[in-house]
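Just so it is clear, the structure is predicted and the values come from calculations on it, not from any experiment.
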Amino acid sequence: SCELLSRPELRGTPVVVANDNGNNGGIILALNAEAKAVGLKRGNPLFQVTQLIEQQHVTVIDVHHHLYHEVSAHIMEEVKKTEMVLDFVQYSVDEFFGSMPDDDPICLREYLQTLKDIILRETSIPVSCGAGTTYTLAKTATWFAKHYPAYNGICIMPADKREQALAMVPIKEVWGIGRRRIKTITMQGVKTALDYTRQSETWVQRHFGVTGVRTWKELNGIPSITIASH
């Protein structure tokens, strides 16, 4: 999205951003929906997908971190100017957390839509929004907002829909779960976020330590993580 700000003619065509270090030695870091549609994925080594890139006329753009930080600063400033997000904290270059003044799903959706529209109008960057009763559930809701077009970029996870939603989330997509242990726990039958919440705290402690227990509590609707600005 940042790169397309100065290349509007590429909208609607497959585009990837890669840290190409010459001779196709880099990897794909980001890509648009059109690039995903032709079979490319984030993390693809360029040398493995060179033929596909050429056949599908995919534009490869070098990574420009300074640009992304400039756009990020603009987005964060516009959000803070609205004074719509309480307890605002920037977590990373492309992510912020905060509290919302209403917990009614209908009102909250309208509120988030307004915020989303302001960001798009002022920065030309589309964003996804997720809301939940804990940081981890908010992250999970954002996963739905990104992966299910019907949500139109906004997903709210009320307490009464939590288990239904978590049953649809692969364990590998849960924020805070160590990637190195995914294979081990899936072999033990833990395949979704809901499976994880149904394990005992002792089991979680043994496999994932204190961090894993915090994630387990958060998925169960118990606030257990403190977010610090990065």
Side-chain angles (χ1 to χ4, degrees), residues 33 36 41-43 84-92 94-116 126-228:
K36 293 177 183 177
K41 297 179 181 179
R42 185 168 59 179
M84 294 176 65
V85 180
L86 310 178
D87 306 313
F88 174 92
V89 57
Q90 181 175 352
Y91 182 68
S92 63
D94 64 347
E95 189 170 30
F96 66 85
F97 287 97
S99 302
M100 307 303 284
D102 200 320
D103 58 6
D104 176 79
I106 296 177
C107 294
L108 188 52
R109 173 169 288 280
E110 293 175 353
Y111 205 83
L112 290 176
Q113 186 64 60
T114 299
L115 183 64
K116 191 172 181 292
V127 298
S128 300
C129 302
T133 54
T134 69
Y135 287 123
T136 305
L137 289 175
K139 282 280 292 186
T140 305
T142 304
W143 181 84
F144 277 102
K146 291 178 179 178
H147 288 82
Y148 290 81
Y151 282 107
N152 294 317
I154 298 174
C155 179
I156 298 162
M157 191 184 298
D160 62 341
K161 300 291 186 181
R162 179 175 58 81
E163 290 196 354
Q164 179 182 348
L166 295 183
M168 300 170 63
V169 181
I171 187 65
K172 67 179 182 178
E173 301 295 344
V174 175
W175 184 48
I177 298 294
R179 294 294 183 259
R180 291 177 298 176
R181 298 183 180 176
I182 292 299
K183 185 176 180 179
T184 300
I185 65 170
T186 53
M187 290 176 63
Q188 296 182 51
V190 179
K191 298 180 179 180
T192 68
L194 183 62
D195 293 336
Y196 186 73
T197 66
R198 290 180 170 172
Q199 304 305 308
S200 69
E201 185 172 344
T202 301
W203 183 92
V204 175
Q205 174 76 43
R206 181 170 68 251
H207 287 279
F208 295 99
V210 175
T211 301
V213 171
R214 291 196 188 109
T215 298
W216 175 79
K217 288 182 176 179
E218 290 252 322
L219 287 173
N220 278 297
I222 305 169
S224 305
I225 293 177
T226 300
I227 297 295

Within this structure, what is the [atom1]-[atom2] distance for the pair [X] and [Y], rounded to the nearest 0.5 Å?
X      : Y      : atom1 : atom2 : result
Ser128 : Glu95  : OG    : CD    : 11.0 Å
Ile156 : Leu112 : CD1   : CG    : 5.5 Å
Asn152 : Gln113 : CG    : CD    : 7.5 Å
Met84  : Thr114 : CE    : OG1   : 5.0 Å
Asp195 : Leu166 : CG    : CG    : 10.0 Å
Asn220 : Arg162 : CG    : CZ    : 5.5 Å

Can you find a pair of side-chain heavy atoms, one from [X] and one from [Y], that are under 4.5 Å apart?
X      : Y      : result
Ile171 : Ile177 : yes
Trp203 : Gln188 : yes
Thr140 : Leu219 : yes

request  = Assess whether atom NZ of Lys116 is packed by more than 12 heavy atoms of other residues, nucleotides or ligands within 6.0 Å.
outcome  =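 Result for NZ/Lys116: enclosed.
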inquiry  = Looking at Lys139 and Glu173, is there a salt bridge between them, counting it only when a charged N and a carboxylate O are closer than 4.0 Å?
reply    =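 Not counted as a salt bridge, because no side-chain N and carboxylate O are separated by less than 4.0 Å.
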request  = Measure from the ring center of Tyr91 to the ring center of Phe96 and say whether it is less than 6.0 Å.
outcome  = no
message = Treating Trp143 as the side-chain partner and Trp175 as the backbone partner, does any N or O pair qualify as donor plus acceptor under 3.5 Å?
response = no
request  = Go through the steps for Tyr135 and Thr215 under the test side chain to side chain contact (heavy atoms under 4.5 Å, CB included), then give the verdict.
outcome  = CA-CA 9 Å; Tyr135 287 123; Thr215 298; over 6 Å; no
